[in-house]
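Side-chain atoms are counted along with the backbone in the values below, which use heavy atoms only and exclude waters and symmetry mates.
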Amino acid sequence: MSSIDVSIASERQMRKREAEFVNSVFVSEMIPLIVPSDSADGSDGSKSKASPFVYAKDLPALVVEFLEQHYRHGNLTWHNGMIPDTEIWIKIGGDKGEK
């Protein structure tokens, strides 16, 4: 890329910045969850398993910042009166992983 006068951060630097951002906004920890089990170590078809759990440190601030960024870039979708002008509807999803 330097041959065409374009410089980008190294992958190591990019991953470092990404980790700093993620750690400043989110908390990650392992918590015990009861999960289905067909194995012999389970009882009644379930067992305890340490599972990763991630949550936002300040969800309202994170949502407001997300909306402001998308507003500045013209990426919000308007629904021609189906959603009142005084409301913002957001859909938050997650993934429990595995099956």
Atom CD1 of I88: over 12 foreign heavy atoms under 6.0 Å =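 Open.
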ask   = More than 12 foreign heavy atoms under 6.0 Å from CE of M30: is that the case here?
value =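 Atom CE in M30 is packed in, count exceeds 12.
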query = For Y71, which residues count as a side-chain contact (heavy atoms from CB on, under 4.5 Å) partner, sequence neighbours excluded?
reply =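 Testing Y71 for side-chain contact (heavy atoms from CB on, under 4.5 Å), a comparison that skips the adjacent residues, returns L76.
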Rounded distance (nearest 0.5 Å) linking atom [atom1] of [X] with atom [atom2] of [Y]:
{"X": "R72", "Y": "L67", "atom1": "CZ", "atom2": "CG", "value": "11.0 Å"}
{"X": "H70", "Y": "E65", "atom1": "NE2", "atom2": "CD", "value": "10.0 Å"}
{"X": "I31", "Y": "F53", "atom1": "CD1", "atom2": "CZ", "value": "5.0 Å"}

key: Heavy-atom side-chain contact between K57 and V25 under 4.5 Å   =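 Sidechains of V25 and K57: no contact.
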query = Would you say the side chain of L62 lies within less than 4.5 Å of the side chain of F26, judging by non-hydrogen atoms?
reply =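 They are in side-chain contact.
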query = Between T86 and P84, is there a donor-acceptor pair closer than 3.5 Å when you use the side chain of the first and the backbone of the second?
reply =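 Not a single qualifying donor-acceptor pair exists.
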Name each donor-acceptor pair under 3.5 Å that joins a side chain in residues 10-18 to protein atoms two or more places apart or in another chain, with its distance.
from, atom 1, to, atom 2, distance (Å)
S10, OG, Q13, N, 3.1
E11, OE2, R15, NE, 3.1
E11, OE2, R15, NH2, 2.9

ask   = Given the rule that I, L, V, M, F, W and Y join up when any side-chain heavy atoms are under 4.5 Å apart, are I90 and L59 in one cluster?
value =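 Same cluster.
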remark   = side chain to side chain donor-acceptor pair (under 3.5 Å) pairs touching residues 23-36, sequence neighbours excluded, are none
